[in-house]
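Inspection log for the structure reproduced underneath, given as structure tokens.
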Amino acid sequence: MSAPTGTLLGIARTGVDAARLHPLRTAVTVACLVAILLPFVAGLGVSRGLRDQADDSIRFGGDLYVAGRRLGRDVPVPLEAVEQIRAIHGVTDVVPRIVGEVRLGADALSAVLVGVPGGGLPSTTAIVEGKFFDPGSRGEIVVGARLAERLGLRVGAKIPPFHRNDAGERVSTVVGIFRSDLPIWEANLIFASLETAEGVFGQGGLASSLVVSCAPGDVDVVRRAILRLASLGTADVHGPLLARVTTRDDLEALLSRGLLHREGIFDTLFLLAFALGIPLILVTSGIGLSDRRRETALLKATGWQTDEILVRSLAESLLVSVAGASIAILLASAWLGALKGVGVASVFLSGLDAAPGVAIPFRLTPVPALLAFVLSFVVVATGSLVASWRAASASPAEAMR
Amino acid sequence: MNAGAAFIETRALSRRYDAGTTRAHDALVDVTLTIQRGAFAVVTGPSGGGKTTLLSLVGALDRATSGQVIFDGTDLGAISEAERTRARRRIGFVFQGSPMLRGLAAWENVTYPLIPLGVSARARRARAEELLTRVGLARMLDSPPETASGGELQRIGIARALVGSPDLVLADEPTSSLDRRSADAVTKLLQEIHASGTTVLVATHDPHLVGLATVKFELDDGKLVSRSAKLG
């Protein structure tokens, strides 16, 4: 190590002294940083975690999603379209599904019923109690653990009046409970056979959409072929039913737009909070200004140059920033892990309670962590450098008086 | 270096505080004096007479309103702030009350001025041990200054003033507020520093220190009212 570098490091090391000699100033500054950075780091962690899960869901889902289109809106697809699409060259599988909202219990809890053929459950869904519904069964449902807990449901429980329609009141039986925290949007799902879902909504022969899997490289060809169909199923009294096809890329783009939009709003709010926090941090880093003045005067009187004092102050800021950012990241991990993201998860996921009660997906990536550290450093360094510069520029005799 | 030339010289030196305000007051007015290399100079006079201001100006801790301070041939008013700091590295200060960096050990306080010079921690500790032994406080090497008595604190301050082997030691009221025994110890140390060839300039009321002076100045109301030199 060259002499000047060694000297610089020696001076920088005295930044530790500066932080240690003023424990109150250091503690208050670190606390302010943590208070400002914690929601930011936690929020971005949730956003990235949700994105990862959503990406996985899209990746392991179908290649194409087909719905009907009438009057500019999506409408259900007749089940006869399943065989019609399956006949298209390049299609390897077509799975119809029914997706609709139901209200449950005395509190009319909102849940989403998904009707799929037997074996059509997402690969991430793991049964923790009971079993899957039997293919083609009627009245058998599988509910998420969180939903089951909230409604007090166990395997074998009946849900009356789960649905009431022209066929009369029917009772559904819980045959299984699945782990409902992976992915997070399965928290309020109920899975049932296509036949059960048809019965619940009282509309037989229809699916909300068709999930189409294609042979590698054939996705675009299949998409164009579906769009060229004269009608999904047989044209009825309203005329032919045109197809609307959503690709995996479309979903990914929608997802990015949605998350980036929320992240953008969150970032804006954070920047506002940070801007409001800057004066606070400037004040806290200036705590003990008279002590700083006297200390600086003593250093100058004993032969320290102004730039050496500023290096010392910069090192102190660096230490305080690293401490603040590190504590914020650790607390964010605890907040999202042990406390399950109380208060912050619902910002990014509509319909989730402020206290979700289920594990929240999160990923603390290096970029937000680095950003948190850089922002802390800039603010703390600005505060302490201004104070140190003023102290170092004053006459030592004046400052020591 | 010219052996015959004055080591410290002030020419019509004045310092006005809060200039341009209603609180403006003259701490020093047209003070002209010379101190030869190797002298034991003492500045006396009543409190508020300008002694501390004179030491601050001679030690490049403050800038004069008018006049000049020539330190070993260099006009301290005509050089940059960085050069003034370099000049201060040739001067050891014993401040009134000996301010310290609280929380650091005595050895760290004594050798803090050596950090920007790139001296290693091991060498600094060895130097502190040598100086604290010299002032009779080797046992306080690792103690924080908060645990020291007033007399011990002043002696740690003297050790710090000597750490850079200065050409000039400035001491502002080094024995005030000390009991006689502690004051005698400090006086003896300053005498030894002078005997080793270092120029010493002390602001004091203490007759024991005044008795050591080879040259004496008296300030009153910022003005130099008398000067005397011990012959021989």
Side-chain angles (χ1 to χ4, degrees), chain A residues 1-27 288 290-316 319 388-401, chain B residues 15 17-18 27 52-64 80-105 108-121 123-124 144 146 157 160-164 166 170 172:
Chain A
M1 191 183 299
S2 67
T5 310
T7 305
L8 200 65
L9 284 178
I11 294 168
R13 263 198 292 271
T14 63
V16 180
D17 296 339
R20 194 161 57 87
L21 293 178
H22 304 283
L24 179 66
R25 183 174 79 201
T26 304
S290 57
D291 279 350
R292 196 189 281 275
R293 270 170 64 87
R294 268 195 295 275
E295 191 176 296
T296 304
L298 185 61
L299 294 180
K300 282 207 81 178
T302 53
W304 282 61
Q305 297 279 10
T306 301
D307 53 355
E308 290 160 353
I309 289 166
L310 294 182
V311 168
R312 181 179 190 261
S313 175
L314 216 54
E316 179 193 0
L319 188 73
S388 296
W389 171 256
R390 288 178 62 185
S393 304
S395 137
E398 288 254 26
M400 286 176 84
R401 282 206 299 172
Chain B
R15 178 66 168 101
Y17 289 114
D18 300 319
T52 300
T53 302
L54 177 66
L55 259 62
S56 295
L57 292 170
V58 169
L61 296 180
D62 198 4
R63 284 187 182 270
S80 69
E81 199 50 48
E83 286 168 320
R84 286 164 64 82
T85 303
R86 271 194 287 278
R88 280 198 289 272
R89 287 178 180 165
R90 296 179 56 201
I91 303 170
F93 294 90
V94 181
F95 300 102
Q96 210 167 353
S98 277
M100 296 281 161
L101 298 173
R102 293 171 67 84
L104 294 185
E108 292 173 289
N109 264 287
V110 166
T111 59
Y112 226 69
L114 299 182
I115 293 173
L117 304 179
V119 180
S120 71
R124 284 193 292 121
E146 298 90 280
R160 181 177 60 195
L162 297 178
V163 76
L170 298 176
D172 189 8

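Numbers restart at 1 for each chain; the letters A, B, ... are given by sequence-line order, proteins then strands.
- Atoms CG and OG1, on B:L101 and A:T14 in that order, are 9.5 Å from each other to the nearest 0.5 Å.
- With values rounded to the nearest 0.5 angstrom, A:Q305 atom CD is found 9.5 Å from B:E83 atom CD.
- Pairing each heavy atom of A:A301 with each of B:F95, the nearest pair is CB-CZ, 3.5 Å.
- Looking at B:R160, the atoms closer than 4.5 Å to chain A (heavy atoms on both sides) all sit in the side chain, from C-beta outward.
- Only the side chain of A:R312 comes within contact range of chain B, with heavy atoms under 4.5 Å apart.
- Here the closest non-hydrogen pair linking A:E308 and B:P116 is OE1-CB, 3.2 Å.
- Proximity to chain B is absent for every atom of A:S393, based on heavy atoms less than 4.5 angstrom apart.
- At most 12 non-hydrogen atoms from other residues, nucleotides or ligands lie less than 6.0 angstrom from CZ of A:R390.
- Counting heavy atoms from C-beta on, the side chains of A:E295 and B:R102 never come closer than 4.5 Å.
- For the options B:L104, B:V119, B:L114, heavy-atom pairs under 4.5 Å to chain A are most numerous at B:L104.
- Within the 4.5 Å cutoff, the side chain of A:I11 has heavy atoms near those of the B:I115 side chain.
- A distance of 3.5 Å separates OH in B:Y112 from CG in A:D17, rounded to the nearest 0.5 Å.
- B:S56 pairs by the side chain to side chain contact (heavy atoms under 4.5 Å, CB included) definition with A:A397, B:T52, B:L61, B:D62, not counting sequence neighbours.
- In plain terms, the two heavy atoms of A:K300 and B:T85 that are nearest each other are CE-OG1, 4.4 Å.
- In this structure, chain A has a heavy atom under 4.5 Å from the side chain of B:R15, while its backbone stays farther away.
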